[in-house]
Amino acid sequence: MSAREPVLSVRELTVTFPTPRGPVRAVDGLGFEVHRGRTLGIVGESGSGKSVTSLAVMGLHTGASVTGSITLGGRELTGLPERDLNRLRGRKMAMIFQDPLSSLHPYYTVGEQIAEHHRVHFRSGRRAARERAVEALGEVGIPEPRRRAREYPHQFSGGMRQRVMIAMALACEPELLIADEPTTALDVTVQAQILELIARLQEERGLAVIMITHDLGVVARVAHDVLVMYGGRSVERAPVDTLFAEPAHPYTRALLDSLPRLDDSDEEPLRVIPGSPPSLLTPAPGCAFAPRCSRPADAPAEERSRCESELPLLDGPAGHPAACHFPAYEGMAP
Ligand code: ADP
Ligand code: MG
């Protein structure tokens with residue numbers, strides 16, 4: 001794989017769940033790339049399809065139909081037999097979740113679990129795997145790793161447990177790490193430590209990272225590039241500085257407006273975007289964000305009707321496309 005080839009490339013990804021009320025298209029025509037040593041932040045409100053996207057990349061979608069292309073190191077993953085996917089999972093790509101307890105077995109020590117994971121993927125001997133586990137726990141900043149390796153998941157705090165998950169994920173030296181809301185359940189101080197840890201490990205190992213979050217604050221801390229999702233589609237993509245300085249899509253601007261500010265008084269309630277997420281069961285013909293968009297309030301009727309009837313496609317400058325008929329690019333009237 002050449003240095004400039006992306007580690008992960010996703011094209012026209014669509015994930016549809018059959019439900020009693022009809023097909024639910026949770027992800028629709030999504031595309032993005034992640035490069036070595038880079039972090040892609042995927043941000044969007046709850047229900048926008050972030051987790052479904054990550055599970056599809058990992059090949060963990062159950063009962064859904066997946067179309068499009070997902071290539072890891074140039075190799076097509078869609079349609080790969082389960083056995084081959086299993087081998088790649090953990091070995092080439094690994095994932096951490098919001099709740100580490102859901103992925104850790106309560107009856108085995110954390111050392112045993114990391115060692116087992118390593119043994120499966122590297123066919124290493126028990127002793128070597130155990131040593132590797134202790135080493136991995138040390139690398140993620142767990143004090144006294146040899147002693148802690150003999151403890152059970154419930155003996156760890158939330159933050160330390162997330163470190164254990166990261167140790168497990170990285171024990172097999174994957175090229176891609178997907179972190180799905182890894183700090184959402186943690187308090188702010190611990191959250192900052194975990195994000196710092198991920199950033200450090202990434203830099204040391206040249207990992208490609210996907211950081212999934214509903215929190216633009218997290219994106220600002222760790223992401224190099226950002227993909228904004230709304231209703232299963234990408235609505236804007238940009239380098240992180242550009243996204244914060246010149247958000248082109250009204251949804252991105254609304255997300256930024258809802259970020260707490262340093263000068264906000266404690267009494268002021270957090271601003272949320274009015275309205276509710278779009279229906280995935282019966283998608284509207286036009287822009288999914290139109291009913292909540294602040295822009296059309298004083299826009300001419302014909303512009304408003306375009307937003308309501310014509311689906312905006314991701315378009316615009318190559319490094320900063322937005323799916324909006326009236327994007328707010330620099331020098332353009334919003
Ligand atoms: P988030 O951005 O919060 O991670 P998800 O990716 O978990 O959102 O889910 C996006 C949407 O996909 C959900 O709102 C739901 O409508 C749909 N969805 C997810 N999983 C299933 C499923 N197993 N069956 C039917 N619909 C699903
Ligand atoms: Mg999620």
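Note: hydrogens, waters and symmetry copies are ignored here, and every other heavy atom, side chains too, is used. Every number for a ligand or one of its atoms is a count from 1 in the order of the listing.
- When each of E203, E204, E196 is checked for a side chain to side chain donor-acceptor pair (under 3.5 Å) with R200, only E204 meets the rule.
- Protein atoms of type N/O/S that fall under 2.8 Å from the Mg ion (ligand 2) number 1 in this view.
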In a simple table, one pair per line, please give the protein and ligand 1 atom names for every N or O pair closer than 3.5 Å, along with the distance.
{"unit_1": "ligand 1", "atom_1": "2 (O)", "unit_2": "S48", "atom_2": "N", "d": "3.2"}
{"unit_1": "ligand 1", "atom_1": "2 (O)", "unit_2": "S48", "atom_2": "OG", "d": "3.4"}
{"unit_1": "ligand 1", "atom_1": "2 (O)", "unit_2": "G49", "atom_2": "N", "d": "3.1"}
{"unit_1": "ligand 1", "atom_1": "2 (O)", "unit_2": "K50", "atom_2": "N", "d": "2.9"}
{"unit_1": "ligand 1", "atom_1": "2 (O)", "unit_2": "K50", "atom_2": "NZ", "d": "2.8"}
{"unit_1": "ligand 1", "atom_1": "3 (O)", "unit_2": "G47", "atom_2": "N", "d": "2.7"}
{"unit_1": "ligand 1", "atom_1": "4 (O)", "unit_2": "S51", "atom_2": "N", "d": "2.9"}
{"unit_1": "ligand 1", "atom_1": "4 (O)", "unit_2": "S51", "atom_2": "OG", "d": "2.9"}
{"unit_1": "ligand 1", "atom_1": "6 (O)", "unit_2": "K50", "atom_2": "N", "d": "3.4"}
{"unit_1": "ligand 1", "atom_1": "6 (O)", "unit_2": "S51", "atom_2": "N", "d": "3.1"}
{"unit_1": "ligand 1", "atom_1": "6 (O)", "unit_2": "V52", "atom_2": "N", "d": "2.8"}
{"unit_1": "ligand 1", "atom_1": "8 (O)", "unit_2": "G47", "atom_2": "N", "d": "3.4"}
{"unit_1": "ligand 1", "atom_1": "8 (O)", "unit_2": "G49", "atom_2": "N", "d": "3.4"}

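- Using cut-offs of 30° and 60° for the angle between ring planes, the H121 and H117 rings count as perpendicular.
- A donor-acceptor pair under 3.5 Å links the side-chain atoms of Q162 to the main chain of F97, judged by distance alone.
- Side-chain atoms of E76 and T71 include no donor-acceptor pair closer than 3.5 Å.
- Distance OG/S103 to CD/Q113: 9.5 Å, rounded to 0.5 Å.
- The aromatic rings of F289 and H249 sit tilted relative to each other, their planes meeting at an angle between 30° and 60°.
- A donor atom on one side chain and an acceptor atom on the other are found under 3.5 Å apart for E112 and T109.
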Practice item. May I have the step-by-step check of salt bridge (charged side-chain N to carboxylate O under 4.0 Å, His left out) for K50 and D180, ending in yes or no? Key: CA-CA 8 Å; K50 306 180 301 293; D180 189 351; over 6 Å; no
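- Partner E144 forms a side chain to side chain donor-acceptor pair (under 3.5 Å) with one of R146, R148, R147 and no other, that one being R147.
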